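Below is one structure, written out as structure tokens; comments come after it.
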Amino acid sequence: MILKTLPAVAAVLTLAGLTGASTADAVPGTVSGDGGNRIGVLKDNGDAYVKAGGLGATWVKGAGEVKQVALSGDRIGVLTGDGVAWVKEGGLGATWVREADDVKQIALSGNRIGVVKDNGDAYVKEGGLGATWVKESRKVKELELSRNRIGVLKGNGDAYVKEGGLSAGWVKEADDVIGIDLAGNRIGALTGDGVAWVKEGGLGATWVRESHDVIQLELSGKRIGILKDTGVAYVKEGGLRATWVHEYEHAIQIALSGKRIGVLKGDGDARVKEGGLKATWVLEAGNVTELALS
């Protein structure tokens with residue numbers, strides 16, 4: 001997830017009359033997926049629920065006292081309020097495995113798990129849930145994973161991405177960044193002035209300016225989603241210069257995965273659509289503070 005500085009977002013949403021979800025307590029991290037069929041929500045009481053299958057599938061409670069939920073394939077990750085990262089693999093009722101303590105962000109992609117510790121150290125493991133952690137970077141504000149790419153946003157606003165093994169070399173992508181996002185061979189960056197940029201191809205590809213006045217940027221496959229500071233969500237599909245399609249108003253979060261688009265409204269209602277950009281919205285849950293797609 002690329003979400004502009006939380007106090008600034010809260011102020012904008014208050015002015016727009018969009019407050020309702022607990023934005024100030026949000027945890028940075030990817031909420032968009034890579035074409036899976038799972039949907040996760042974090043309720044305002046700290047309970048995390050996940051469903052698998054169609055949009056009308058049944059919710060299964062995953063855990064309580066949660067402050068972040070992450071999905072990827074048949075893995076579910078949660079970060080609990082005491083800073084413990086847990087991951088389960090398989091069915092929705094699989095057993096949780098304790099992954100790390102003193103964590104402020106968890107990220108999942110394929111068979112990789114990443115965490116950012118309270119001290120800013122970022123670690124990633126690859127393979128089974130019991131694999132060994134590899135320290136990737138320090139002074140990290142946000143960690144992003146996508147297939148064989150790892151991205152970090154440093155506390156000073158510098159964004160770096162590496163490609164390949166866990167010990168590959170870092171490439172500096174941009175500075176003055178407040179969030180990064182990865183999807184396949186695309187990299188997204190949201191700069192401090194509210195401009196969303198995306199590049200496609202190698203790590204040294206050219207940036208394309210996508211939009212301005214943006215507070216969240218999400219990538220999945222050939223889709224790009226943005227949330228404007230007015231609460232309006234847009235999505236485009238295809239090339240980086242494709243036309244934006246107006247998706248929803250009064251939103252405080254957007255999520256993408258394959259042919260699914262999700263939005264969270266200021267009143268806590270989470271909606272998801274599946275299919276084309278003009279597909280019909282389905283109300284998934286109420287009293288939601290975070291929506292995640294696999």
Side-chain angles (χ1 to χ4, degrees), residues 1 21 27 29-80 85-99 105-114 127-130 144-147 181-184 218-223 225 235 247 253-265 268-277 279-294:
M1 177 199 291
V27 174
T30 298
V31 298
S32 291
D34 194 29
N37 70 344
R38 289 184 172 183
I39 304 171
V41 293
L42 178 59
K43 295 277 197 167
D44 56 12
N45 64 355
D47 289 345
Y49 291 82
V50 179
K51 61 167 61 179
L55 299 185
T58 303
W59 289 106
V60 175
K61 183 177 177 180
E65 299 182 5
V66 174
K67 62 180 182 179
Q68 186 199 352
V69 59
L71 305 176
S72 180
D74 66 347
R75 286 183 171 181
I76 304 170
V78 294
L79 176 59
T80 50
W86 303 81
V87 178
K88 61 168 66 179
E89 184 173 36
L92 300 185
T95 302
W96 290 107
V97 175
R98 186 174 184 141
E99 293 290 342
Q105 186 207 338
I106 182 172
L108 304 178
S109 180
N111 69 342
R112 287 182 171 181
I113 303 171
L129 300 186
E144 296 292 325
L145 305 178
S146 178
R147 299 179 187 176
D181 202 13
L182 306 177
E218 292 294 322
L219 307 178
S220 179
K222 290 297 182 181
R223 287 183 171 181
V235 177
E247 291 292 340
Q253 185 201 339
I254 184 172
L256 306 177
S257 180
K259 290 296 183 181
R260 288 181 171 180
I261 303 171
V263 293
L264 176 59
K265 290 187 62 182
D269 284 351
R271 288 176 165 81
V272 179
K273 62 166 63 178
E274 186 170 35
L277 299 185
T280 302
W281 290 103
V282 175
L283 178 63
E284 292 292 336
N287 302 316
V288 175
T289 61
E290 183 184 53
L291 170 67
L293 303 180
S294 71

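When reading the values below, keep in mind they use all heavy atoms of this one structure, side chains included, and skip hydrogens, waters and symmetry mates. Because the structure is a prediction, the values reported are computed rather than measured.
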L283 vs D269, side-chain contact (heavy atoms from CB on, under 4.5 Å): CA-CA, chis, key distance, verdict
CA-CA 7 Å; L283 178 63; D269 284 351; 3.8 Å; yes

CZ/R223 to NZ/K259 distance, rounded to the nearest 0.5 angstrom?
4.5 Å

Audit row: V50, V60, side-chain contact (heavy atoms from CB on, under 4.5 Å) steps and yes/no
CA-CA 5 Å; V50 179; V60 175; 5.7 Å; no

Which atom names give the shortest non-hydrogen contact between K273 and W281, and what distance separates them?
CE-CE2, 3.2 Å

Output the distance between atom CG (L42) and atom CG (L264), rounded to the nearest 0.5 Å.
10.0 Å

OG1-NZ distance between T289 and K43, expressed to the nearest 0.5 angstrom
10.0 Å

Please name the pair of heavy atoms, one in G36 and one in S257, separated by the smallest distance, quoted to 0.1 Å.
N-OG, 3.3 Å

Can you tell me which residue among V97, I76, L108 is in a side chain to side chain contact (heavy atoms under 4.5 Å, CB included) with V87?
L108

May I ask you to say whether R260 pairs ionically with E274, meaning some side-chain N is under 4.0 Å from a carboxylate O?
yes

side-chain contact (heavy atoms from CB on, under 4.5 Å) evaluation trace for R75 with I113
CA-CA 10 Å; R75 286 183 171 181; I113 303 171; 3.6 Å; yes

Atom OG of S32 and atom CD1 of I261: how far apart are they, to the nearest 0.5 Å?
10.0 Å

Give me the atom names and distance for the closest heavy-atom approach of A183 to L219.
CB-CB, 3.6 Å

For K51, enumerate each residue passing the salt bridge (Lys or Arg N to Asp or Glu O under 4.0 Å) test, keeping only those at least two apart in sequence or located in another chain.
E284

With rounding to the nearest 0.5 angstrom, report the CG to OH distance, L92 to Y49.
13.5 Å

Distance (rounded to the nearest 0.5 Å) between E65 CD and N45 CG:
10.0 Å

